[in-house]
Structures are given as C-alpha cells and as structure tokens.
A.B. asks: 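Input: one structure, supplied below.
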Amino acid sequence: MSDSRTPLYAISVAADLAETSIQNLRSYERHGLVEPGRTEGGTRRYSDHDVTQLLHIRSLLDQGLNIAGVQRVLRLEAEVAGLRASLLRDDAGPADSASGARDSR
DNA sequence: CTTCTGACA
DNA sequence: TGTCAGAA
C-alpha cells in the first residue's frame, strides 16, 4: 500500500507545497498541529499526509480560526476518520461498536 | 538544516 | 495571536 504517511519532503519543500514559510511550519509543529518524522540528522521529513494536513491548517487559519481551533478541527477529523474506518471495516458488523471513540484526550 | 529571541499587525 | 526576520 502506498503509505501516505511515508516521509518524503524536507521542510523547505513542504513549505513550498503548503504555500507557507518554514518558520510557520515549525510553529505549527510547536503547537502540535502536525508531527512530521525526523531523520537521523534531526531534520524534519514531511509526508504526503502531512502536506495535505498543512494545506488544511492554512485553510482553517485563513478562515479565521486560531491555532487552538485548528488543533480542535484536526483532532475531530482524525476521530471521524477513525470512526469511518471502523464503520466500513467489515460488513459482518462490528461486534463491539463501543470500540470507537475511547480516549478523546 | 536547527533552535531561540525579537518585533509587528 | 500569528507571522516574519535575524542570529547562533
């Protein structure tokens, strides 16, 4: 499977893809909006999924949301993604439907 | 490339 | 508060 979470781009490339500055990307990482992988040298490595998330973050920020709001949306989207995954996981029907949203931090 | 500090709207 | 800019 092509993992969309495989580290591909450096921070400069991710900044160009996300149409933002390197400093901003580091700010987002500091606020926990994104968690890019780290290479041996300690350089960040942004994956395709991270870039998509970055574009989403910029969209949310442009819409008037702040870092806290963006983090909230990101968390909710991650939660809905997990819920959707467990929903259409198998047609047999999830025996324990309770295993969806357990800890919402 | 990384981190920190400072300044601006 | 978020973004930009420079320095080590």
A.B. asks: Does anything in residues 35-49 of chain A reach DNA chain C, meaning a heavy atom under 4.0 Å, and if so which residues?
C.D. replies: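 Output list: empty, so none.
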A.B. asks: Under 3.5 Å, side-chain donor or acceptor atoms of residues 45-53 of chain A against the rest of the protein: list the pairs with distances, not counting sequence neighbours.
C.D. replies:
from, atom 1, to, atom 2, distance (Å)
A:Arg45, NH1, A:Leu8, O, 3.4
A:Ser47, OG, A:Asp50, N, 3.3
A:Ser47, OG, A:Asp50, OD2, 3.0
A:Asp50, OD2, A:Ser47, N, 3.3
A:Thr52, OG1, A:Asp48, O, 2.9

A.B. asks: With sequence neighbours excluded, tell me which residues meet side chain to side chain contact (heavy atoms under 4.5 Å, CB included) with A:Ser12.
C.D. replies: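 Expected list: A:Ala10, A:Ile22.
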A.B. asks: Cut-off 3.5 Å, no hydrogens considered: what does the side-chain donor-acceptor table look like for residues 57-70 of chain A, sequence neighbours left out?
C.D. replies:
from, atom 1, to, atom 2, distance (Å)
A:Gln63, NE2, A:Ser59, O, 3.3
A:Asn66, OD1, A:Gly69, N, 2.8

A.B. asks: Which residues, if any, of residues 55-68 of chain A bring a heavy atom under 4.0 Å of DNA chain C?
C.D. replies: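 Here the set is A:Leu61, A:Asn66, A:Ile67.
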A.B. asks: Identify, residue by residue, the members of residues 9-17 of chain A with a heavy atom below 4.0 Å from DNA chain B, and return them in order of residue number, or none.
C.D. replies: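 DNA chain B contact set from residues 9-17 of chain A: A:Ile11, A:Ser12.
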A.B. asks: Would you mind reporting whether A:Leu17 and A:Leu54 have side-chain heavy atoms less than 4.5 Å apart?
C.D. replies: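 SC-SC contact between A:Leu54 and A:Leu17 ruled out.
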A.B. asks: Applying salt bridge (charged side-chain N to carboxylate O under 4.0 Å, His left out), which residue pairs with at least one partner in residues 28-43 of chain A are found, sequence neighbours left out?
C.D. replies: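 As it turns out, the salt bridge (charged side-chain N to carboxylate O under 4.0 Å, His left out) pairs with a partner in residues 28-43 of chain A, which skip direct neighbours, are A:Glu29-A:Arg44.
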A.B. asks: What pairs of nitrogen or oxygen atoms, one from the protein and one from nucleotides 5-8 of chain C, lie under 3.5 Å apart?
C.D. replies:
from, atom 1, to, atom 2, distance (Å)
C:dA5, N6, A:Gln23, NE2, 3.0

A.B. asks: Return the value, rounded to whole Å, for the distance between atom CZ of A:Arg30 and atom C1' of B:dT2.
C.D. replies: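 Going from A:Arg30 (CZ) to B:dT2 (C1'), I get 13 Å.
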A.B. asks: Among all residues two or more places apart in sequence or in another chain, which pass the side chain to side chain contact (heavy atoms under 4.5 Å, CB included) test with A:Ser27?
C.D. replies: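 Side chain to side chain contact (heavy atoms under 4.5 Å, CB included) check on A:Ser27 returns nothing, list empty.
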A.B. asks: Is there a side-chain contact between A:Tyr28 and the phosphate of C:dG2, meaning an N or O under 4.0 Å from OP1 or OP2?
C.D. replies: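 Indeed not, no polar side-chain atom of A:Tyr28 lies that close.
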A.B. asks: Could you check how far NE2 of A:His31 sits from P of C:dT1, rounded to whole Å?
C.D. replies: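 Going from NE2 in A:His31 over to P in C:dT1 covers 9 Å.
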A.B. asks: Rounded to the nearest angstrom, tell me the gap between atom CD in A:Gln71 and atom P in C:dT1.
C.D. replies: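 One finds 14 Å between P of C:dT1 and CD of A:Gln71, rounded.
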A.B. asks: Using OP1 and OP2 only, check whether a side-chain N or O of A:Asn24 sits under 4.0 Å from C:dC4.
C.D. replies: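 For C:dC4, OP1/OP2 do have a side-chain N/O of A:Asn24 under 4.0 Å.
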A.B. asks: Under 3.5 Å, which protein N or O atoms sit close to an N or O of nucleotides 6-9 of chain B? Give each pair with its distance.
C.D. replies:
none

A.B. asks: Quick one: list whatever passes side chain to side chain donor-acceptor pair (under 3.5 Å) with A:Arg72, sequence neighbours left out.
C.D. replies: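 Once residues adjacent in sequence are excluded, A:Arg72 has no partner under the side chain to side chain donor-acceptor pair (under 3.5 Å) criterion.
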